[in-house]
Amino acid sequence: MDFQRNDAILMEILQDRKTITGFLDSIFGFLRRNTDFYHTKLDEKDKIGFPQGVRDQILYGAMQRHDPDCWLQTMAAEDGIGDDGEVAPLAIEEITVENEEFHPMEDITSVVTERKEQPTFSPDDYRNGDIFETHCWSQTQKDVELQVKLPEEMRSSKKLSILIKPQSVKVSGKLQPDVVILEGNLSQRIKHNEAVWSIDKNKLIISFDKSKDLWWERLFEGDPEIDHKKIECENYIDELPEETQATLEKLRFDQIAADKAQNELQASNPNQADTIERLRTAWDAEGSPFKGQPFDPSVVRIS
């Protein structure tokens, strides 16, 4: 079936990008570079792009058709709508709205605004990064996610001007350019052409890939340096260089052997096991010649 071939292709992208955010970055980056998805028709004679609001309808309709809790998804199954999405806009047109133009993303934002006026950041929002009063950022070795609190009067894409360059980010008011929400020079270069952003829970979320796979010390120039000891690395061992893999394997087997030898010793001689525990306590004591080294009782002669 067609969807099986598509799933195989998309799964390869997902495995490469590791996260849903990275996966969506790839999809929308592709649409921007290779289609007229982001082109808005300014004239009826324009042969490319979509009229104002239609792009959001298509996107919102596709999301709803695959939501098991959404009535559009049930209707699609009953009407025999396929995965190609060719008739998705028709389902959207059946929704009754009072306004002449339908802007579903703005509707979602207004609902969230009513529920929670003051957005807050959770620890996951600044994982491996840092948090400030107006924004926070998180990172992996490959990408960065920046979250910015938005003023109540600017929680709509129509009211924001977002400028992303290879080494700078600026968020300001579209109708009020002098109102700058966030601006700064990035500490490292990024792939700005592939950056994507969205508005969720009264916050602007910007995701972009790093030009080089490395851990950043700070987001913007002038920011305090983060504590590298607290960085949580998620690399799988088979993604590391061969030399690093070999070293980790050796350390693992050495630790297994040491643990086995210690367990056998404790089982055969309880008194000697007490001696080893005292030796472990003294191993890192001030003045010990072994201070700072991995505990290895085999280097000490025990009578």
Side-chain angles (χ1 to χ4, degrees), residues 2-3 6-7 9-11 13-14 17 19-42 44 46-113 115 143 145-148 150 154-162 164 171 174 192-209:
D2 289 342
F3 76 85
N6 294 340
D7 283 356
I9 297 172
L10 295 174
M11 180 59 71
I13 298 174
L14 180 59
R17 298 306 300 272
T19 64
I20 296 297
T21 300
F23 174 80
L24 293 177
D25 285 352
S26 295
I27 297 299
F28 287 102
F30 171 83
L31 292 175
R32 178 178 179 176
R33 295 188 302 272
N34 299 279
T35 73
D36 60 350
F37 183 73
Y38 284 100
H39 181 81
T40 300
K41 284 186 177 182
L42 302 178
E44 294 182 357
D46 197 346
K47 295 183 179 180
I48 63 173
F50 300 95
Q52 184 73 29
V54 172
R55 181 187 67 198
D56 289 343
Q57 293 180 23
I58 295 174
L59 178 61
Y60 188 68
M63 291 171 55
Q64 296 290 65
R65 285 192 302 109
H66 294 279
D67 185 345
D69 297 325
C70 177
W71 68 272
L72 280 178
Q73 195 270 352
T74 304
M75 184 180 68
E78 294 175 351
D79 293 346
I81 299 176
D83 286 336
D84 54 10
E86 292 182 356
V87 294
L90 295 178
I92 293 298
E93 290 173 4
E94 294 180 11
I95 297 177
T96 303
V97 294
E98 296 180 0
N99 298 330
E100 184 176 351
E101 293 181 352
F102 178 55
H103 302 288
M105 297 306 291
E106 292 183 36
D107 293 341
I108 292 175
T109 303
S110 64
V111 171
V112 176
T113 301
R115 293 179 180 176
D143 52 50
E145 182 175 276
L146 169 62
Q147 298 195 27
V148 185
L150 295 175
M154 292 187 181
R155 292 169 181 172
S156 166
S157 58
K158 285 185 175 181
K159 299 178 181 179
L160 289 176
S161 174
I162 302 168
I164 303 174
V171 181
K174 182 176 291 186
H192 67 291
N193 289 328
E194 298 180 10
V196 297
W197 59 267
S198 62
I199 297 175
D200 181 44
K201 295 181 180 179
N202 306 332
K203 293 182 289 187
L204 171 66
I205 302 174
I206 305 175
S207 302
F208 45 80
D209 289 340

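- Here the straight-line distance linking atom CG of Leu160 with atom CG of Leu150 works out to 5.5 Å at 0.5 Å rounding.
- Of the residues listed (Ile206, Asp25, Thr21), the one engaging Glu145 in a side chain to side chain contact (heavy atoms under 4.5 Å, CB included) is Thr21, and it is the only one.
- For the side-chain contact (heavy atoms from CB on, under 4.5 Å) test, residues two or more places apart in sequence or in another chain that qualify with Leu10 are Ile13, Phe23, Ile27.
- When the side-chain contact (heavy atoms from CB on, under 4.5 Å) test is applied to Val148, the partners found at least two apart in sequence or on another chain are His135, Leu146, Ile181, Leu182, Leu204.
- Although no hydrogens or angles enter the test, the distance criterion places no donor-acceptor pair under 3.5 Å between the side chain of Arg32 and the main chain of Tyr38.
- Note: Arg155 CZ to Asn202 CG = 4.0 Å, rounded to the nearest 0.5 Å.
- Taking Glu194 as the reference, nothing meets the side chain to side chain donor-acceptor pair (under 3.5 Å) condition, with sequence neighbours excluded.
- For the atom pair CD1 of Ile164 and CH2 of Trp197, the computed distance is 9.0 Å after rounding to the nearest 0.5 Å.
- The side-chain contact (heavy atoms from CB on, under 4.5 Å) test applied to Ile20 returns Leu14, Leu24, not counting sequence neighbours.
- Annotation: salt bridge (charged side-chain N to carboxylate O under 4.0 Å, His left out) contacts of Asp209 (sequence neighbours excluded): Arg17.
- If you take CZ on Phe28 and OG on Ser207, they are separated by 11.5 Å, rounding to the nearest 0.5 Å.
- Shown here are the side-chain contact (heavy atoms from CB on, under 4.5 Å) partners of Thr40, two or more places apart in sequence or in another chain: Gln52.
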